[in-house]
Amino acid sequence: MGPANDSMMVRLLPVFFALMLTSIQAASQVSADEICPREFLATRTGQESCWVRYHLSQSRLVCMRHDQWLNRLKQENPSSFCGDWPGRWRAISPPLNAVQKNGTDLMKKRIFFTLKAFELSPSRILKEGTSALGRFYWARRLCQGIEKIRERISSLIAPGDRFGIFRELLLGEGRPQSILPFLRILGFVHVFTASGIHLYSLALFSHRFCFGLTRLLQIPVSWGLMLARVMSFFSWVFVWVLCGMRPGMLRPWIVVTARSVAKVFGFRWYFAAPLGVALISDFLVALIRGAEWAPGRVHYALAVGGGLLAVEWGKDGKNKIKNKIKRRGLKNIRALLYDHLMLAVGSWLFTAALDAWHFGYIALATPVLSLITLPLLSGFFYPASLFAIILIFLDLSPLSQTIFYFITSWGTVFVQHLVLFCAGLPTLWVLAPGALLLGAGISCLGVGVLKGMRAKGIGMVLLVTGACIRLNFLMIPLGSSVQSKFARANQVEQLDVGQGDAALVTFSGNKVFYNLFHSLNFGAGLIDSGSERAMGFDSWFRLFSERGLTHLSWIVLTHLDEDHLGGVRHLARLMEVGSIGVSQVLLRSEKGQRFKTEIKKLGVDVVEINQTDFSFYFWSPLIARTVKNKLAPNQGMSAFFIPLKSGLNYLSMGDADIAQENKMTPWILKELGSFGGPLILKVSHHGSHTSTSSPLLRQLRPVVAWISAGVGNPYGHPNLSVMTLLRKEGVPIRRTDQEGVLSSSGFEISLKEKASTVDH
């Protein structure tokens with residue numbers, strides 16, 4: 001979709017804005033208890049229990065089961081969808097809501113309330129012309145027809161699409177696969193999620209293919225050009241509609257439209273304008289709507305703006321290629337591949353810099369994978385899919401299903417091999433954010449020294465290579481001093497893992513390096529690891545890369561409940577883990593032996609706590625209560641005491657009940673007497689009423705209570721009686737379900753501020 005489409009874009013601009021205005025107006029009629037005027041196109045999650053999802057407001061969602069959805073599509077009158085929604089609201093909070101760095105929050109916590117509907121009772125049918133529904137009845141009928149087509153296509157693609165990749169690309173239908181987000185981090189950005197880049201690539205291919213075909217058939221140039229523009233436009237619109245008409249996919253369209261308007265009115269279009277237009281338009285939409293108009297707004301804006309910027313910048317190189325290649329067919333193919341090369345590199349460059357700055361990682365494989373996959377998707381998958389969809393309208397569904405099965409099954413095999421190939425290469429690097437500053441410095445230096453070459457090209461290349469440098473030459477070993485057995489940790493963070501427990505302990509490990517950007521390369525360990533369902537590979541990777549950590553020296557478990565040990569299954573596959581420690585009582589139990597055998601297959605040893613590299617203080621029972629030769633629930637509980645270099649102390653007792661806490665109290669008082677200093681108490685059992693007694697609080701005198709609990713959990717944690725008791729004893733409360741990650745560093749800052757206030 002190049003400059004040749006400018007006049008077409010200007011003519012079709014009113015149609016586009018009319019369609020968008022209809023969508024926004026229909027959405028603006030929303031009330032919290034009435035979904036009908038809100039419905040436009042549904043978000044397809046692909047989960048049976050929540051097959052489609054509607055947004056009622058910024059934080060309120062409605063889910064429909066697959067059977068409910070199919071029944072809804074069979075209804076002739078879309079207004080009959082309105083009615084009673086018996087069900088319950090459930091609060092859902094994604095992991096890593098808030099990440100703290102130097103005591104400040106980098107992200108705001110966002111909580112969604114989802115209505116799980118049990119039935120749809122059409123007892124309150126809205127009639128056309130009597131409500132807001134009447135004004136948009138035609139739109140609702142149109143959307144109902146589109147949804148029927150999407151559902152039909154989904155059923156045809158499903159047999160050959162085992163991982164749901166092509167349903168995501170063509171229909172925007174998500175799949176509950178925990179590994180896919182991590183593969184996006186690995187570099188498969190343009191394989192698992194459709195975006196505006198895909199539509200721009202498809203438009204480029206459609207335009208060049210149609211124009212080349214008309215010239216081959218000796219159709220007049222003006223007619224051929226017009227046909228190429230129309231095919232380019234409608235292929236873009238058709239795929240956009242199938243993907244659910246997500247507004248975020250229109251970013252390239254906005255940039256191309258701005259370029260067309262600039263050309264019509266005679267304004268100069270600079271090569272950097274696409275990036276500016278993408279960022280400014282996203283900012284303006286956010287101001288109008290008061291929120292993100294699409295998830296990951298900044299990342300996608302940088303990807304689209306950067307990709308189109310690179311295409312603009314590469315026009316001179318493309319013209320040189322055209323002049324050198326005399327044969328017409330090769331000229332078009334080489335020019336098209338050159339456009340895709342610039343699109344792949346440009347869409348990665350700025351987002352890679354943002355990821356490296358915020359999360360401390362960079363995926364070097366992304367531009368190469370994009371260069372491979374984007375031409376295949378735009379030149380083969382999308383055209384073949386559109387042809388198969390046309391066959392559906394011609395009542396040739398068996399042939400359509402055969403085409404879908406062929407392209408999806410072979411495409412899945414190709415992606416599998418591509419994943420295995422990339423997984424064996426060191427393309428995902430964890431690096432310090434300061435490497436970006438180094439890369440920028442090298443770029444400026446290179447541009448200044450190599451004046452004979454084109455400055456823009458040198459700056460872009462050196463910025464990428466400089467940002468990706470592993471700073472090994474800046475890491476000067478200070479010695480191999482072994483960490484003392486009874487060490488003090490640098491920091492403890494209570495991680496936000498939903499309804500579970502996980503605390504990250506960082507300390508000066510066996511190998512101490514000086515690093516100009518991370519200050520110290522810490523060792524790290526985990527006390528419990530949350531549930532397997534709480535955080536996927538991508539969430540764990542982002543958490544560790546943002547902290548500059550690439551391995552865990554140990555993981556110790558208070559007990560063997562799933563919400564405390566489940567994350568081990570992800571971590572053992574994701575990174576090097578020294579060992580996993582549990583108490584002797586638990587290790588010898590039947591459950592402990594099963595867990596040991598399972599984790600051993602992942603290459604990690606499960607041993608007694610005292611046989612790990614854990615160098616802090618712990619308490620474990622010698623015997624535990626059994627029922628029918630099996631451990632009773634929550635028996636064999638261990639406690640961990642972590643003294644900090646700041647003078648604070650951290651205590652975790654897992655899910656200990658009051659009786660177990662009483663057994664641990666003498667040991668805790670002994671350690672507190674040895675180290676002194678204020679105590680951070682991680683409240684047992686997520687604030688359950690069976691834990692945390694008044695005598696315990698009066699003996700330990702904690703300066704703050706940390707509670708690890710999930711938003712809207714079905715257990716009612718933390719219990720009101722525990723909250724009341726903590727307030728009565730004057731203990732400040734901090735909760736992961738409200739604040740996200742809790743950090744001892746942030747608490748140190750608040751203590752110093754209080755002390756400074758008292759002194760003055």
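Fair warning: this is a prediction, and the values are worked out from it, not measured in the lab.
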Any donor and acceptor pair, going by atom type alone, linking the side chain of [X] with main-chain N or O of [Y] inside 3.5 Å?
X      : Y      : answer
Arg53  : Thr43  : no
Glu147 : Ala42  : yes
Ser378 : Leu374 : yes
Trp269 : Ala262 : no

Item checked: No-hydrogen, no-angle side-chain donor-acceptor test under 3.5 Å, Ser206 and Ser232 ->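 Judged by distance alone, the side chains do not pair up.
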Notebook entry, point to check: Do Ser201 and His198 have side-chain N/O donor and acceptor atoms under 3.5 Å apart?
Noted result: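 Their side chains do not contain a donor-acceptor pair, so the 3.5 Å distance test is not met.
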Is the shortest heavy-atom distance from the side chain of [X] to the side chain of [Y] under 4.5 Å?
X      : Y      : value
Val419 : Phe414 : no
Trp51  : Met64  : no
Val304 : Tyr200 : no
Leu428 : Leu364 : no
Leu302 : Leu279 : yes
Met575 : Phe541 : no
Ser195 : Met249 : no
Thr193 : Phe188 : no

Of the non-hydrogen atoms in [X] and [Y], which two are nearest, and what is the gap between them?
X      : Y      : value
Ile185 : Ala363 : O-CB, 3.2 Å
Ala344 : Ser347 : O-OG, 3.2 Å
Leu202 : Ser235 : CD2-O, 3.6 Å
Leu169 : Tyr382 : O-OH, 3.2 Å
Cys243 : Ala194 : SG-CB, 4.0 Å
Leu41  : Cys143 : CD2-CB, 3.7 Å

Please round to the nearest 0.5 Å and tell me the distance separating atom [atom1] of [X] and atom [atom2] of [Y].
X      : Y      : atom1 : atom2 : value
His340 : Leu204 : NE2   : CG    : 6.0 Å
Leu343 : Leu371 : CG    : CG    : 10.0 Å
Leu183 : Leu418 : CG    : CG    : 10.5 Å
Ile362 : Asp355 : CD1   : CG    : 8.5 Å
Arg167 : Asp161 : CZ    : CG    : 4.5 Å
Phe544 : Leu549 : CZ    : CG    : 6.5 Å

Geometric class of the [Y]/[X] ring pair [parallel <30°, tilted 30-60°, perpendicular >60°]:
X      : Y      : value
Phe166 : Phe381 : tilted
Phe209 : Phe205 : parallel
Phe233 : Trp253 : perpendicular
Phe182 : Phe537 : tilted

Next item on the list: Would you check, one step at a time, whether the test side-chain contact (heavy atoms from CB on, under 4.5 Å) holds for Glu173 with Glu168?
Entry: CA-CA 4 Å; Glu173 182 177 307; Glu168 167 70 36; 5.6 Å; no
Next item on the list: Test side-chain contact (heavy atoms from CB on, under 4.5 Å) on Phe404 and Ile153 and set out the steps.
Entry: CA-CA 9 Å; Phe404 274 130; Ile153 295 171; 4.1 Å; yes
Note to self: side-chain hydrogen bond (donor to acceptor under 3.5 Å, both in side chains) for Arg162 and Gln416? Distances and angles first, verdict last.
What the structure shows: CA-CA 11 Å; Arg162 298 195 305 274; Gln416 280 182 295; 3.0 Å; yes
Check: Crowded around Arg184 CZ? As in, over 12 foreign heavy atoms under 6.0 Å?
Finding: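 It does: Arg184 CZ has more than 12 such atoms within range.
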Item checked: Evaluation steps, salt bridge (charged side-chain N to carboxylate O under 4.0 Å, His left out), between Glu151 and Arg44 -> CA-CA 10 Å; Glu151 188 65 32; Arg44 305 172 64 88; 2.9 Å; yes
Checklist line | Phe350/His299 under side-chain contact (heavy atoms from CB on, under 4.5 Å): CA gap, chis, key distance, verdict | finding: CA-CA 8 Å; Phe350 296 100; His299 272 78; over 6 Å; no
Margin query: Quick one, His190 with Ser370, criterion side-chain hydrogen bond (donor to acceptor under 3.5 Å, both in side chains). Give me CA distance, side-chain angles, the key distance, then yes/no.
Written below: CA-CA 6 Å; His190 292 133; Ser370 298; 2.8 Å; yes
Notebook entry, point to check: With a 4.0 Å cut-off, would you call Arg259 and Glu312 a salt bridge?
Noted result: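 Judged by the 4.0 Å cut-off on N to carboxylate O distance, Arg259 and Glu312 do form a salt bridge.
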Check: Passes salt bridge (charged side-chain N to carboxylate O under 4.0 Å, His left out), Arg251 versus Asp282? Steps please.
Finding: CA-CA 8 Å; Arg251 290 183 178 92; Asp282 267 57; 3.1 Å; yes
Next item on the list: Could you check Cys63 against Val52 for side-chain contact (heavy atoms from CB on, under 4.5 Å), going step by step and ending with a plain yes or no?
Entry: CA-CA 6 Å; Cys63 277; Val52 296; over 6 Å; no
